[in-house]
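Labels below follow one simple rule: chain letters A, B, ... track the order of the sequence lines, proteins then strands, and each chain is numbered from 1.
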There are 2 protein chains.
Amino acid sequence: MSSYQEILQNNNLKATHQRIAILEAIDHAGHIDVDKLFKNLRKHFPTLALGTMYRNLSEMSDKHILLEVTLPGQKVKYELKKEPHIHLVCNWCGKIEDRILDIEDKIKECEEENDFTVLDSNIVFTGLCKKCQDQKKV
Amino acid sequence: MSSYQEILQNNNLKATHQRIAILEAIDHAGHIDVDKLFKNLRKHFPTLALGTMYRNLSEMSDKHILLEVTLPGQKVKYELKKEPHIHLVCNWCGKIEDRILDIEDKIKECEEENDFTVLDSNIVFTGLCKKCQDQKKV
DNA sequence: ACTTAAATAGGAATTATTCCTATTTAAAAA
DNA sequence: TTTTTAAATAGGAATAATTCCTATTTAAGT
Ligand SMILES: [Mn+2]
Ligand SMILES: [Mn+2]
Ligand SMILES: [Zn+2]
Ligand SMILES: [Zn+2]
């Protein structure tokens, strides 16, 4: 496991306080959008500029340090890049959960039937998490 | 098959020229974002207001006449609501294809392993379409 | 410590979206 | 067909989101 410092330097990015703070905050939040991230960081980093946020989120996404997560009807969220996974989104409490799901068979199916080479996949299931199912029964 | 007029009226929306033009244009384009839609419609409908577009796209999505399609790294696109399907997006030529893919087994798997009730799914495969695969071989 | 290219802060500019309201219109009633 | 009226629109103002600009600062190599 490498430090943020190393991750940044391996991608030819200077390990600035701002970038490290951004990465720490995203790691802590899991999935977070620009606004929430900015408000969080401002508390302990009052001079941080919004432009710096946007620029770095783009750059770090380009370099695959971050991943942009697009969920239906929501602002783009950012997460640390890790192993591929799908998202379970509770449309009652809003919780976003990561899950590993093997879909190789479906990808094969799609490739063979459609002459399409699949390079990446993006899967979101929306519904009700455990807690919200239970609450609705009451 | 019902006309746009009927679809709108069934949803308690007046069948205005603007709404019908929007639905026709979306049907013709398949998947289209606000800007392109507005530019297209303005050609034959010079007084159309941008606010009217936004308002109607939201309303018609709320009423499930339209569907908002969120693809990674792109502006939200709109399509006519039809049977559920996934999207194949060529990241070379940009083409967006609709495909039916049975994923009931994966949904079951997810529900059983995670205590999560899946109500809707959103699946995008990005890669290379037939044409672009061939061109890259040359 | 010095050097320098890269990055930042702060704010201006641009773009996207929502809001407001006088006027128009779809469609139901007469 | 004409009248009525609630719903919808056009046009523009207001607000929000994002990008751009540049003088100053800073990370990191020497
Ligand atoms: Mn995730
Ligand atoms: Mn589609
Ligand atoms: Zn929940
Ligand atoms: Zn293609």
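Distances shown here put every side-chain N or O of A:His17 at or beyond 4.0 Å from the OP1 or OP2 atom of C:dA7. Residue A:Lys75 places at least one side-chain N or O closer than 4.0 Å to OP1 or OP2 of D:dT18. Applying the 4.0 Å criterion to OP1 and OP2 of D:dT18, one finds that A:Tyr54 has a side-chain N or O inside that range. When the side-chain nitrogen and oxygen atoms of A:Asn12 are compared with OP1 and OP2 of C:dA6, none of them lie within a distance under 4.0 Å. For D:dT26, the OP1/OP2 oxygens have no side-chain nitrogen or oxygen of A:Gln18 closer than 4.0 Å. Residue B:Thr16 has no polar side-chain atom (N or O) positioned under 4.0 Å from OP1 or OP2 of D:dA8.
The nucleotide whose nearest atom lies closest to any side-chain atom of B:Ala49 is, among C:dA9, D:dA10, D:dA28, D:dA10. The side chain of B:Arg19 has D:dA8 as its nearest neighbour among D:dA8, C:dT8, C:dA27. Nearest to the side chain of A:Lys14, among D:dA6, D:dA28, D:dA17, sits D:dA28. The side chain of A:Ala15 lies closest to D:dA28, out of D:dA10, C:dA27, D:dA28.
B:Ile20 has its CD1 atom 11 Å from the P atom of D:dT9, to the nearest Å. One interatomic measurement links the two molecules: CE of A:Met53 to C1' of D:dA17, which rounds to 13 Å at whole-angstrom precision. Counting to the nearest Å, the P atom of D:dA27 and the CG atom of A:Asn56 are 13 Å from each other. Computed from coordinates, the B:Asp35 CG to C:dT14 P distance equals 17 Å when rounded to whole Å. B:Phe45 has its CZ atom 12 Å from the C1' atom of C:dT24, to the nearest Å. For the pair B:Leu8 CG and C:dT25 P, the computed distance is 18 Å after rounding to whole Å. The nearest whole Å value for the distance from the NZ atom in A:Lys39 to the P atom in D:dA16 is 10 Å. To the nearest angstrom, P of C:dT17 lies 17 Å from CD of B:Glu59.
Where A:Pro46 and B:Thr52 meet DNA chain C, the nucleotide closest to each residue was compared, and A:Pro46 sits on the side nearer the 5' end. The 5' end of DNA chain D is approached more closely, in terms of each residue's nearest nucleotide, by B:Arg42 than by the other of B:Arg42 and A:Gln9. For the pair B:Val34 and A:Thr47, both in contact range of DNA chain C, the more 5′-proximal nearest nucleotide belongs to A:Thr47. With DNA chain D read from its 5' end, the first of the two nearest nucleotides for B:Leu13 and A:Gln5 is the one closest to B:Leu13.
The nearest pair of heavy atoms linking A:Arg19 to A:Leu8 is CB-CD1, 3.8 Å.
Looking at heavy atoms from C-beta onward, B:Lys39 lies out of side-chain contact with B:Arg42 at the 4.5 angstrom threshold. For the pair A:Glu24/A:Tyr4, a side-chain contact is recorded, criterion being any heavy-atom separation below 4.5 Å from C-beta on. Taking the side chain as every heavy atom from C-beta outward, A:Lys82 and A:Asp98 approach each other to under 4.5 Å. Looking at B:Leu57 and B:Leu37, their side chains come closer than 4.5 Å, going by heavy atoms from C-beta outward.
By the 4.0 Å N-to-carboxylate-O rule, A:Arg99 lies close enough to A:Glu97 to be salt-bridged with it.
Using a 4.0 Å heavy-atom distance criterion, A:Leu50 is classed as a base contact. Here B:Arg55 lies in heavy-atom contact (under 4.0 Å) with a base.
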